[in-house]
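Everything below concerns the one structure shown next.
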Amino acid sequence: MKAVVRTRYGPPEVLRLADVPTPAPKGNQVLVEVRAVSLNASDWESLVGRPAYARMGGPFRPPNRILGSDIAGRVVAAGRHVTAFGPGDDVFADILLSKGGFAEYVCVPQTALAPVPAGLAYEEAAALPQAGAIALRGICGKAQVQPRHQVLINGAGGGSGMYAIQLAKLNGAEVTGVDNAEKLEFMRSLGADHVIDYTRDDFTASGRAYDLILDLAAHHTAFAYRGSLRPGGRYLCVGGSVATLLQVLLAGPVLGRAEGKKIRVLGVRQGVQHLASLVGLIQEGKVVTVIDRRYRLSQVPEALRYLGEGHAKGKVVIVAE
Ligand SMILES: NC(=O)c1ccc[n+]([C@@H]2O[C@H](COP(=O)([O-])OP(=O)(O)OC[C@H]3O[C@@H](n4cnc5c(N)ncnc54)[C@H](OP(=O)(O)O)[C@@H]3O)[C@@H](O)[C@H]2O)c1
């Protein structure tokens, strides 16, 4: 089969399209013919090996030759212990830990799979796993966004932000989206009431305060975030610089306690089976998935460069020929 492989960390130039053996499913795995795989910031981070947490599985050499984790496709074979799926089933999955989606076929444990939801195309199902899980957990989890809450989403022009803006608006919040200048209009089109260009303005220095800050690209200090929260507000981050994540992890629980502020790293539950409520909203037409660009498997390096250089608005998806 064809797959996009790499043997070291580096820019998109380290990737090449190669012929590799088609994997055989083990007992509890199915072999999926990949019809669509969406890109995430995690793919870029694993490609270049930055921030440092992207090298956790292999400090010097990447553990995964083939990247790509949010997949949708058709089951073509199943291991002998597989009971829930069979050849011909349309499925989607988040395979962040094992990866391998930038290929014609990939083996996936049956526990990671769910049927492609009715009415969704492969590319829409592939857009959902990581971005949807982060947005759901960030907006509808413990944060419990309420009507008229002031919500700021930092990094809101990417995949997770696309869903997060819409979910916050559906909950009645007043939403501020932060991203680079190219994505301001995009964030407005999703419903953001206010937008900030992070390359020009620092939201932590604006004097405004929020009930919830969902941070997809944390780079400020935990003290700065505390200053941007209303009393009782929550700051939740899922990605960013290691220094900031460590500071939030270690100092967050004590900072702001006196004012009832919560400053935390948000743990996201992996697994497409947790996405049912978001899928329902998409099926009802209340939330949309915006696919900025589609690329072929051979164009994965170009697609990752587009994402990594900061142009992608919503999702970028690799679709099968
Ligand atoms: N906690 C977990 O379990 C978990 C699981 C999966 C992923 N993640 C993390 O979740 C994060 C978001 O993922 P995603 O797929 O939504 O990413 P994405 O689609 O790339 O979106 C991130 C957005 O943040 C913007 N950005 C970058 N630096 C910024 C800054 N300093 N201030 C404001 N915005 C900035 C990016 O714009 P530019 O294009 O300008 O860079 C991009 O539009 C990633 O950091 C990823 O590692 C966490």
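Atoms within a ligand are numbered from 1 in the order they appear, just like the ligands themselves. Quick note: numbers below take in every heavy atom, side chains included, and nothing from hydrogens, waters or symmetry partners. Remember, predicted model here, so these are calculated numbers, not experimental data. Residues: numbered from 1 along the sequence shown.
- Summary of contacts: the protein heavy atom closest to atom 21 (O) of ligand 1 is Gly158 CA, 3.4 Å.
- Summarising the local packing, CZ of Arg50 is surrounded by 12 or fewer heavy atoms from other residues, nucleotides or ligands at distances under 6.0 Å.
- Atoms of ligand 1 found under 4.0 Å from any heavy atom of Leu266, numbered from 1 in the order shown, are 1 (N).
- Counting non-hydrogen atoms of neighbouring residues, nucleotides and ligands closer than 6.0 angstrom, the CZ atom of Arg16 reaches no more than 12 such neighbours.
- Where the criterion is an N or O separation shorter than 3.5 Å, residue side chain and backbone included, Glu45 meets it with respect to ligand 1.
- Looking at Val265 against ligand 1, nothing comes within 4.0 Å, counting heavy atoms.
- Of all atoms in ligand 1, listed by their number and element, those nearer than 4.0 Å to a heavy atom of Gly155 are 22 (C), 23 (C), 24 (O), 25 (C), 33 (C), 34 (N).
- Polar contact check, Ser160 against ligand 1: a nitrogen or oxygen pair lies under 3.5 Å apart.
- Atom 20 (O) of ligand 1 has Ala41 CB, 3.5 Å as its closest protein atom, hydrogens excluded (heavy atom only).
- Salt bridge present: Glu13 and Arg305 bring a charged side-chain N and a carboxylate O closer than 4.0 Å.
- Here Glu185 pairs with Arg188 in a salt bridge; the nearest charged N to carboxylate O distance falls below 4.0 Å.
- Using a 4.0 Å cut-off to heavy atoms of Gly310, the atoms of ligand 1 that qualify are 38 (P), 39 (O).
- Nearest non-hydrogen protein atom to atom 8 (N) of ligand 1 is Ile134 CD1, 3.7 Å.
- What sits closest to atom 6 (C) of ligand 1 on the protein, heavy atoms only, is Gln130 OE1, 3.3 Å.
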key: side chain to side chain donor-acceptor pair (under 3.5 Å) between Thr221 and Gln247, worked out   = CA-CA 7 Å; Thr221 66; Gln247 200 180 65; 4.6 Å; no
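- No salt bridge links Arg148 with Glu174; every basic N to acidic carboxylate O contact stays at or beyond 4.0 Å.
- Of all the heavy atoms of Lys315, none lies under 4.0 Å from any atom of ligand 1, so neither backbone nor side chain is involved.
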inquiry  = Apply side chain to side chain donor-acceptor pair (under 3.5 Å) to residues Tyr122 and Asp90 and explain how you reach the verdict.
reply    = CA-CA 8 Å; Tyr122 289 122; Asp90 286 331; 2.6 Å; yes
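- Annotation: Tyr53, atom OH; neighbour count of heavy atoms from other residues, nucleotides and ligands within 6.0 Å is above 12.
- A salt bridge does not link Asp211 to Arg234: none of the charged side-chain nitrogens sits closer than 4.0 Å to a carboxylate oxygen.
- Ranking protein heavy atoms by distance to atom 19 (O) of ligand 1, first place goes to Gly159 N, 2.8 Å.
- Rounding to the nearest 0.5 angstrom, the gap separating the CG atom in Asp215 from the CG atom in Leu245 is 9.0 Å.
- Contacts between Tyr53 and ligand 1 below 4.0 angstrom, taking non-hydrogen atoms only, involve the side chain exclusively.
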Residues Tyr235, Ser228; criterion side chain to side chain donor-acceptor pair (under 3.5 Å); working and verdict = CA-CA 9 Å; Tyr235 169 85; Ser228 298; over 6 Å; no
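- The nearest heavy-atom contact from the protein to atom 31 (N) of ligand 1 is His219 CD2, 3.3 Å.
- For atom 26 (N) of ligand 1, the closest non-hydrogen atom on the protein side is Ala217 CB, 3.8 Å.
- When Asp292, Asp215, Val238 are checked for heavy-atom proximity to atom 1 (N) of ligand 1, Val238 turns out nearest.
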key: Check against salt bridge (charged side-chain N to carboxylate O under 4.0 Å, His left out), Arg74 and Asp89   = CA-CA 6 Å; Arg74 182 158 287 177; Asp89 289 346; over 6 Å; no
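- Given atom 37 (O) of ligand 1, the protein heavy atom at minimum distance is Asp179 OD1, 3.0 Å.
- Ion pairing of Lys313 with Asp179 is absent here, as no side-chain N (NZ or NE/NH1/NH2) approaches a carboxylate O to less than 4.0 Å.
- Which parts of ligand 1 touch Asn180 is read off a 4.0 Å heavy-atom cut-off, strictly below it: atoms 38 (P), 39 (O), 40 (O).
- Taking distance alone, with nitrogen or oxygen atoms compared against 3.5 Å, His311 stays at or beyond that limit from ligand 1.
- Not a single heavy atom of Thr199 sits less than 4.0 Å from an atom of ligand 1.
- Proximity of Glu309 to ligand 1, defined as any heavy-atom pair under 4.0 Å, is not found for any part of the residue.
- One distance of note links CD of Gln273 with OG1 of Thr111; it measures 7.5 Å at 0.5 Å rounding.
- Proximity of Val268 to ligand 1, defined as any heavy-atom pair under 4.0 Å, is shared by backbone and side chain alike.
- When only interatomic distances are considered, the shortest N/O to N/O separation between Ala312 and ligand 1 does not fall below 3.5 Å.
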